[in-house]
Enquirer: 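I am attaching a structure below and will ask some questions about it afterwards.
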Amino acid sequence: MTRYDPQAVEAKWRDHWAETGIYEIDVRAVERPFFNLMMFPYPSAEGLHIGNVFAFTGVDIFGRFTAMQGHDVFEPFGYDAFGIHSENFALKQNTHPMTLIPSNISNFRGQMKQLGMRIDWGHEVDTTDPAYYRWTQWLFLQLFKQGLAEKRSAPVNWCPSCKTVLADEQVIDGRCERCSTEITHRDLEQWFLKITDYTERLLENLDSIDWSPIVKTAQRNWIGRSEGLETSFAVEGTSETLTFFTTRPDTIFGVTFMVLAPEHTLVSQITALEQKDAVDSYVSSAMAKTAIDRQQMERTGVFTGAYATNPLNAERIPIWIGDYVLSTVGTGAIMAVPAHDTRDFDFARKFGLPIKVVVAPPDWSGDDFEEAYTEQGTIVNSGEFNGMASDEASEAIVKKLERDGTGEHKVTYRLRDWLISRQRYWGPPIPIIHCPDCGPVAVPEDQLPVELPYVEEFRPTGTAESPLALVESFVNTTCPECGKNAKRETDVSDTFLDSSWYFLRYPSTSFDDRPFDAELTKKWLPVSNYIGGKEHSVLHLLYSRFITMALHDMGHLPFEEPYERFRAHGVLILEGAKISKSRGNVVNPDDYVASHGADTLRTYLMFSGRYDEGGDFSDKGIEGVYRFLHRAWDLVDRYRRQDGEPELPEEAERLRHRVIRKVTLDVAGLKFNTAIAALMEFSNELQRRPALHATEVRTLLLLLAPFAPYVTEDLWEQIGGEYSIHQQAWPAYDDELAMLLEVEVAVQINGKTRDVINAAAGSDEDVVVELAKQSERVQRYLGERPVVKTIFVPDRLVNFVIKP
RNA sequence: GCCGGGGUGGCGAAAUUGGCAUACGCAGCGGACUUAAAAUCCGCCGUCCCGCAAGGGACUUGUGGGUUCAAAUCCCACCCCCGGCACCA
């Protein structure tokens, strides 16, 4: 009798797999390419955490399953190692990122190998490698040349702690995503990528791509399409007009004032002399507030002394300033309809402005409102539009203004351009040279990469300039166009630019003269299967779609959506809290690999809950899975020592087909927990047998192989299987054989189960009813009472309905 | 506030999408093996009631109502948890 020793088994096969290269594929030669992608991680100093292992294991199981089904599965791995996260950690540790990152990477690589991932290590990607970021810079230049990258002054999110600007997506509830410091605003020159040129396509394609609905919904929300009217009111006594957008054109007769954002460009021009001081001081205090302060629901504002005219009813409309109107939304100005908008209602109440009802609620008595009525209704107090329904009136009002040439139907979006410049050290330098005569000029492509110099003092300066600005040898250069002295751009680009194209690089890592080879790209992309966390719904997943579309339009890619299929996995939490280094609640997977083995950890993580839901991690049940693998070992051990081989009875063969079907369908649908449960049941059943048939043992090992790759490889060898189990065909099943011959049928009286009888599968109603009526228990309940109705569900139940 | 996802034994969770609720596993209890323990194996294990027992009965999927022969599943109202969006005009 031998004993299962995970450490010995795993060490043995880890080496053997590496020697025989069974997970490496010839990206050129193979015939049934399947690109199985996992989200590359940021290689932190602490190593992989349990959440990473959970995520990657699911991808790996799916990859192994797909490979056994005959596909040439390419499963690469890489490191998203640039960015604020790495840099902040390096600062904290007082280590230079250039020394920290390589050791983190080798740690991650070692862990992934331990975990038994079928990674093709011949195609690693490291975003901090000049051989990689050279092409990130190339990508930036292509966008620049298309007019999709531009530097402009804009109010930006500023994190006073990280001392850098942040993209909108990196601001969570007015705080920095990384350090939770309250965000302030600054007006700075920044590089933007014009993702808004692609808004409509990013939104439209969502209808046709095979992605988890939850991610599609998040992207739709983020893009935030809204339809309405854009029009303008003339400012009295000037030649200026105030343009605004509204989704409720039907309420335009209810406008009783207008409100401008404090940053609105016309504020100083229209403010009346006597209000100037009040306006100035309001504006400067509003600008000084943090984002969170400005989100206070307390209504503040000040009258400008100016008036506009509502052209529809010639009413005189006072113009106010208030910080509840955001400069970045719409035009930064609104028509205020206090009767039908809660924000305007509060403002009007506070400053004693009139409230005029123009949309009557269904049972309106004509009284003043106690709160804003924001639903649709019947139009009143609106001249020729009275009596119409809201939607009808909206349409009519837009049409009228369009006829007059003073307004138009418009679609606006919440999505704004992607701010990619960072005033930090740890990123790829933006490859631009600023020439006093020629303006911003692209670094010629043959001079890429613009290498990130080693800088001892890489701490952020806080001056709105990157630490690179202090490195004279880096900054000073000559203009590639006119040869005059010029200065390099010193900002680096956002990490999300690095990750927006890494999947394109994987098949082509051997090329140093192009980012991705056309032929290989055609063969391997778009990505066949991408599995990752939902937390990237609106960041990475939206950016990489945009970059793919842009590259497609420039003729570099034959497709415009990067991922054929995307599935979101759940997030593991720990004792109700998100797992994070800052919380110190990191569970180290290495401990479990050491105590139980990678096979047990993998199988346990997949068994203990739904892959798409994640949940609270606890190791409470890990012993059960450990025992299960031991049982599988002992089962094979017993099989090897048994004398001869029994016949395989039909019932056993049918069971085998049922299990294959169950596991096949479950793994294909990423329902790993129920697949493992089915395998446990199967092995429990086999354990009851006096002797085992080779087919049964082989089936169990093959089905278990994606979950527990090491132990199944070893057992496969023990039973004389051809190396490697991971290169064998996935067992086939036959639907006919997978059917049960005999089924249990519930017999109910008035919907309550009173007995369960056995019947041949597929029996007709009269046969089953006859059997059911023979049951003593059933007869006891039926007695003399007549059956009013009989419900028959084939192979499931009979229900006799009787009068109570 | 809006949009998603969820609430099932002591615990992690299943349930072919309206058809035997609690599969699989953990923990617990009892037993076998052992000098003993570990490991392993076998049995029990939703709650309450009747019964010494075999057994029988009632109830049970966050709460309350409804539809149906039949509801964890569908509908209405409400409570709680998680995620996303949010002064978005």
Enquirer: Decide, yes or no, whether a salt bridge links Arg220(A) with Asp207(A) under the criterion of side-chain N to carboxylate O below 4.0 Å.
Expert: yes

Enquirer: Rounding to an integer number of Å, can you tell me how far Glu623(A) CD sits from rG28(B) P?
Expert: 12 Å

Enquirer: If we take the P atom in both rC80(B) and rG62(B), what is their distance in whole Å?
Expert: 16 Å

Enquirer: Does any donor-acceptor pair link the side chain of Glu744(A) with the base of rC20(B) at a separation under 3.5 Å?
Expert: yes

Enquirer: Establish, for the pair Arg602(A) and Phe707(A), whether the NZ or CZ atom is under 6.0 angstrom from the six-membered ring centre and no further than 45 degrees off its axis.
Expert: no

Enquirer: If we take the P atom in both rC81(B) and rA89(B), what is their distance in whole Å?
Expert: 28 Å

Enquirer: Pull up the glycosidic torsion of rG9(B) and say syn or anti, syn being anything within 90° of 0.
Expert: syn

Enquirer: What distance, rounded to whole Å, do you find between the two C1' atoms, one in rG57(B) and one in rA72(B)?
Expert: 24 Å

Enquirer: Using purine N1 to pyrimidine N3 plus N6-O4 or O6-N4 for Watson-Crick, or N1-O2 and O6-N3 for G-U wobble, each under 3.5 Å, what pairs with rA13(B)?
Expert: none

Enquirer: Indicate the ring-plane relationship of Tyr592(A) and His596(A), choosing parallel, tilted or perpendicular according to the 30° and 60° boundaries.
Expert: tilted

Enquirer: By the 4.0 Å heavy-atom rule, please label Arg225(A) as base, sugar-phosphate, or nothing.
Expert: nothing

Enquirer: Taking the P atom of each, how far is rG64(B) from rG55(B), in whole Å?
Expert: 33 Å

Enquirer: Between C1' on rA89(B) and CG on Asp346(A), what's the gap in Å once rounded to a whole number?
Expert: 14 Å

Enquirer: Salt bridge or not between Arg661(A) and Asp735(A)? Use side-chain N to carboxylate O under 4.0 Å.
Expert: yes

Enquirer: If I pick the C1' atom on rC3(B) and the same atom on rC20(B), what distance separates them, to the nearest angstrom?
Expert: 37 Å

Enquirer: Rounding to the closest angstrom, what is the interatomic distance between rA21(B) and rC59(B) at atom C1'?
Expert: 13 Å

Enquirer: Would you mind classifying the nucleic acid contact of Val788(A) as base, sugar-phosphate or nothing, using non-hydrogen atoms under 4.0 angstrom?
Expert: nothing

Enquirer: Mind calculating the distance between CD (Glu375(A)) and C1' (rC2(B)) to the nearest angstrom?
Expert: 12 Å

Enquirer: Between rC45(B) and rC26(B), how far apart are the C1' atoms? Round to whole Å, please.
Expert: 13 Å

Enquirer: In whole Å, what is the span from the CG atom of Asp616(A) to the P atom of rA13(B)?
Expert: 9 Å

Enquirer: Need one value for Asn684(A): base, sugar-phosphate or nothing, where a base atom within 4.0 Å counts as base even if backbone is also close, heavy atoms only.
Expert: sugar-phosphate

Enquirer: Decide whether a cation-pi geometry holds between Arg545(A) and Trp211(A); the criteria are a distance under 6.0 Å from NZ or CZ to the six-membered ring centre and an angle within 45° of the ring axis.
Expert: yes

Enquirer: Classify Phe607(A) by what it touches in the nucleic acid, base, sugar-phosphate, or nothing, heavy-atom distance under 4.0 Å.
Expert: base

Enquirer: Hey, does Leu326(A) reach any base, or is it just sugar-phosphate, or nothing, if we go heavy atoms under 4.0 Å?
Expert: base

Enquirer: Just say parallel, tilted or perpendicular for the rings of Phe54(A) and His569(A), cut-offs at 30° and 60°.
Expert: perpendicular

Enquirer: Under 4.0 Å between any heavy atoms, over every strand shown, what does Arg631(A) touch: base, sugar-phosphate, or nothing? Just pick one.
Expert: sugar-phosphate

Enquirer: Between rG12(B) atom C1' and Met606(A) atom CE, what is the distance in whole Å?
Expert: 14 Å

Enquirer: Could you check whether Arg220(A) gets within reach of a base, just the sugar-phosphate, or nothing at all, counting any heavy atom under 4.0 Å?
Expert: nothing

Enquirer: Give Val801(A) one of three labels, base, sugar-phosphate or nothing, depending on what nucleic acid heavy atoms sit under 4.0 Å from its own.
Expert: sugar-phosphate

Enquirer: Using only side-chain N and O atoms of Lys620(A), determine if any of them is under 4.0 Å from OP1 or OP2 of rG12(B).
Expert: no

Enquirer: Can you tell me whether the base of rU61(B) sits syn or anti, using the 90° cut around 0 to define syn?
Expert: anti

Enquirer: How many whole angstroms separate atom CZ of Phe682(A) from atom C1' of rG25(B)?
Expert: 19 Å

Enquirer: Remember a base hit wins even if backbone is also touched, and classify Asp344(A) as base, sugar-phosphate or nothing at under 4.0 Å, heavy atoms.
Expert: nothing

Enquirer: Using a cut-off of 4.0 Å on non-hydrogen atoms, how would the nucleic acid contact of Ser226(A) be classed: base, sugar-phosphate, or nothing?
Expert: sugar-phosphate

Enquirer: Pick base, sugar-phosphate or nothing for Lys534(A), based on heavy-atom distances below 4.0 Å to the nucleic acid.
Expert: nothing

